[in-house]
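Reading through the structure tokens given below for one structure.
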Amino acid sequence: MSEFAAITGWGKCVPPAILTNEQISSVVDTSDEWIRTRSGIRERRVSHVPCSDLATVAAQRAMAAADIGPEEIDLLILATCTPDTVIPSTAAHVQRKIAAVNAAVFDLNAGCSGFVYSLSVATAMIRSGSYKKALVIGSERVTWFINWSFRDSAVLFGDGAGAVVLEPSDKESGLLFSHLGCEGDAADALQVPEFGTSGNRFADNYGVLDIQFDGREIFRRAVKGMAKETRIVLGELGLVNDDIDLIIPHQANRRIIESLAKYLSVDMSKVVMNIQMYGNTSSATIPVALTEALEGGRVRAGDRILLAAFGAGLTRAAGLLRWGKRTTPLSESDAELPPCDQTALEILGEAIKHTL
Ligand code: ACO
């Protein structure tokens, strides 16, 4: 048994092709001004490789930051709702690509809450004493699912991956407490309706893999859901809002983030926000933002960091991280994605042609 599961490594991987609001406006009936004011997004990344490749590079960077080798990893959880394949799990592809030959591996799909869900599961597994070194990855290629004739969803999403390494610790660190929930009565509010065994795969129109959502309904439930989980987490730990040093929320919409900060009476200077650069990368938003907060010197030893997320399900999650001593990586990885010689619009060319 171990008392705590500290985060000892972190890394991110964002694909190089940038899609700006102006570029989207050249193919979809929208504008930079609408997207910026309604969501806070200025640009997003479009991946030229599948989810497992993004996850692989983020994982290699996180392992380097923790200075551990892949054979030391005994648990790998991949949060994703945009898998390379359903069978096998995408985690199995990542295991092979990073050569984590001793790891138990599985995918966890909790939509955009997937990283907090996965961190919660991995923390419990390390605390139980059964596992010693865990990789928790959030990786998504959401742009693959976009229907470019749905302008409400088309402008919001991007691709990317982030990862952390967890190790046992006797010092108060890592995820101290988390609480997870789901509002299954609203499961249809965000869906890719034809990606599974509920449809007739022989029907002529089967296989339309579009993200569809009810933005207003999600918006309303997101703020309430994250606030509810946060209240539970702080209450359980005997903390008050003022005890929070930093908030790393899921990045779905700047207005949702601002509403949460307002509800918690926390100044926006304590909130990590990078939605302007990446849009909503689903389960990757929080580990990418955490990595950037560390790289930018925003995380200090001993900080109490609130994670809060919501996503397809509709899942909701919050957790309180206590940061350990080290805020710098132990070493760096030279892992890189395969080169990309296309622009974002070129990568998306066929999808735009077929869905517009
Ligand atoms: N460009 C221009 N106009 C648009 C666009 C667009 N891209 N999208 C919608 N509009 C129009 C609508 O048609 C509507 O026009 P109308 O008034 O003539 O009917 C008008 O803008 C306002 O539409 P609303 O839906 O009310 O806009 P809202 O301010 O609610 O913003 C948004 C929409 C950005 C989708 C918001 O509701 C939102 O962020 N929702 C939650 C986030 C979300 O759903 N994230 C995705 C998944 S959640 C997760 O992370 C898993």
Side-chain angles (χ1 to χ4, degrees), residues 19-44 79-82 108-117 138-143 145-160 162 180-184 186-193 195 210-227 229 248-260 273-276 278-289 307-318 352 355-356:
L19 182 65
T20 63
N21 290 348
E22 284 82 5
Q23 286 169 314
I24 293 191
S25 308
S26 71
V27 289
V28 175
D29 179 18
T30 188
S31 66
D32 172 53
E33 212 246 328
W34 192 95
I35 303 169
R36 266 190 298 107
T37 52
R38 306 312 294 164
S39 73
I41 301 166
R42 290 176 183 272
E43 59 189 40
R44 70 287 293 141
T80 189
C81 55
T82 55
L108 191 155
N109 179 354
C112 303
S113 308
F115 181 77
V116 183
Y117 265 65
S139 181
E140 307 278 9
R141 190 185 190 186
V142 194
T143 59
F145 285 95
I146 288 174
N147 181 321
W148 293 91
S149 65
F150 301 162
R151 64 178 179 174
D152 54 350
S153 53
V155 302
L156 294 183
F157 293 100
D159 304 329
L180 316 172
C182 181
E183 298 166 26
D188 292 351
L190 174 55
Q191 57 175 328
V192 176
F195 194 58
D210 299 333
I211 283 205
Q212 300 177 11
F213 72 34
D214 177 347
R216 279 185 206 174
E217 179 68 4
I218 300 170
F219 195 117
R220 194 177 62 77
R221 289 187 184 245
V223 179
K224 273 168 94 178
M226 289 196 289
E229 298 302 342
I248 304 185
H250 173 48
Q251 315 275 316
N253 188 314
R254 192 195 64 225
R255 292 181 295 138
I256 292 177
I257 296 172
E258 287 169 350
S259 301
L260 179 69
M273 191 149 59
N274 60 8
I275 189 171
Q276 63 280 6
Y278 305 126
N280 179 351
T281 58
S282 188
S283 67
T285 60
I286 289 180
V288 169
L307 310 180
F310 68 95
L314 295 175
T315 55
R316 45 172 209 254
I352 291 171
T355 56
L356 264 188

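Just so it is clear, the values below take in all heavy atoms, side chains as well, and ignore hydrogens, waters and symmetry mates. Indexing begins at 1, ligand by ligand and atom by atom, following the structure's order.
Side-chain atoms of D29 never come within 3.5 Å of backbone atoms of R151 as a donor-acceptor pair (strictly under, hydrogens ignored). Remark: the backbone N or O of G181 is paired with a side-chain donor or acceptor of Y117 at under 3.5 angstrom. In this structure, T285 contributes its side chain and S282 its backbone to a donor-acceptor pair below 3.5 Å. Checked by atom type and distance alone, the side chain of N21 never pairs as donor or acceptor with a backbone atom of Q23 at under 3.5 Å. Under the 3.5 Å distance criterion, the side-chain polar atoms of T355 are matched with a main-chain donor or acceptor of W148. Between the S259 side chain and the V223 main chain, no donor and acceptor come within less than 3.5 Å of each other. At least one donor-acceptor pair closer than 3.5 Å links the side chain of D159 to the backbone N or O of V142.
Of the protein's heavy atoms, R38 NH2, 2.5 Å lies nearest to atom 29 (O) of ligand 1. Ranking protein heavy atoms by distance to atom 31 (O) of ligand 1, first place goes to R255 NH2, 3.4 Å. With hydrogens left out, the protein atom closest to atom 42 (C) of ligand 1 is I256 CD1, 4.0 Å, a heavy atom. Nearest protein neighbour of atom 12 (C) of ligand 1, counting heavy atoms only, is R151 NH2, 3.9 Å. Among protein heavy atoms, the minimum distance from atom 41 (C) of ligand 1 is reached at G215 O, 3.4 Å.
The closest side-chain heavy-atom distance from F219 to R255 is below 4.5 Å.
No N or O atom of S39 sits closer than 3.5 Å to an N or O atom of ligand 1. Considering backbone and side-chain N/O atoms, R216 comes within less than 3.5 Å of an N/O atom of ligand 1. On a distance-only criterion, G311 and ligand 1 share no N/O pair closer than 3.5 Å.
Atoms of ligand 1 found under 4.0 Å from any heavy atom of D152, numbered from 1 in the order shown, are 8 (N). Residue contact check: A252 has heavy atoms under 4.0 Å from atoms 50 (O) of ligand 1. Every atom of ligand 1 is numbered from 1 in the order shown, and the set under 4.0 Å from a heavy atom of I218 is 44 (O), 48 (S). Those atoms of ligand 1 with a heavy atom of V155 less than 4.0 angstrom away are 7 (N). Listed by atom number, the atoms of ligand 1 under 4.0 Å from H250 heavy atoms are 49 (C), 50 (O). The F157 neighbourhood of ligand 1 comprises atoms 46 (C), 47 (C), with distances under 4.0 Å to a heavy atom of that residue.
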Would F145 and F157 satisfy ring pair (Phe, Tyr, Trp, His ring centres under 6.0 Å), going step by step from the backbone distance to the final call?
CA-CA 10 Å; F145 285 95; F157 293 100; 9.9 Å; no

From CA spacing to verdict: side-chain contact (heavy atoms from CB on, under 4.5 Å), R44, I24
CA-CA 10 Å; R44 70 287 293 141; I24 293 191; 3.6 Å; yes

Give the intermediate values and the outcome of side-chain contact (heavy atoms from CB on, under 4.5 Å) for residues T30 and I35.
CA-CA 8 Å; T30 188; I35 303 169; 3.6 Å; yes

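Looking at I35, I211, L156, it is L156 that brings a heavy atom closest to atom 35 (C) of ligand 1. Nearest to atom 36 (C) of ligand 1 by heavy-atom distance, out of N253, N280, I41, is N253. Atom 27 (O) of ligand 1 has its nearest heavy-atom neighbour, among F150, F310, F219, W34, in W34.
Within a 6.0 Å sphere centred on CZ of R42, other residues, nucleotides and ligands contribute 12 heavy atoms or fewer.
Residues T281 and E140 have side chains that never bring a donor and an acceptor to within less than 3.5 angstrom of each other.
In L190, the part holding a heavy atom less than 4.0 Å from any atom of ligand 1 is the side chain. Residue contacts with ligand 1, taken as heavy atom pairs separated by less than 4.0 Å, involve T30 via backbone and side-chain atoms alike.
Put simply, atom 50 (O) of ligand 1 has protein non-hydrogen atoms near it, under 4.0 Å away. Put simply, atom 47 (C) of ligand 1 has protein non-hydrogen atoms near it, under 4.0 Å away. Per-atom contact check: atom 16 (P) of ligand 1 does not touch the protein, criterion being a heavy-atom distance below 4.0 Å. For atom 19 (O) of ligand 1, no protein heavy-atom neighbour is found at a distance under 4.0 Å.
For the atom pair CD of E217 and CG of D188, the computed distance is 11.0 Å after rounding to the nearest 0.5 Å.
Using a 4.0 angstrom heavy-atom cutoff, A312 counts as in contact with ligand 1.
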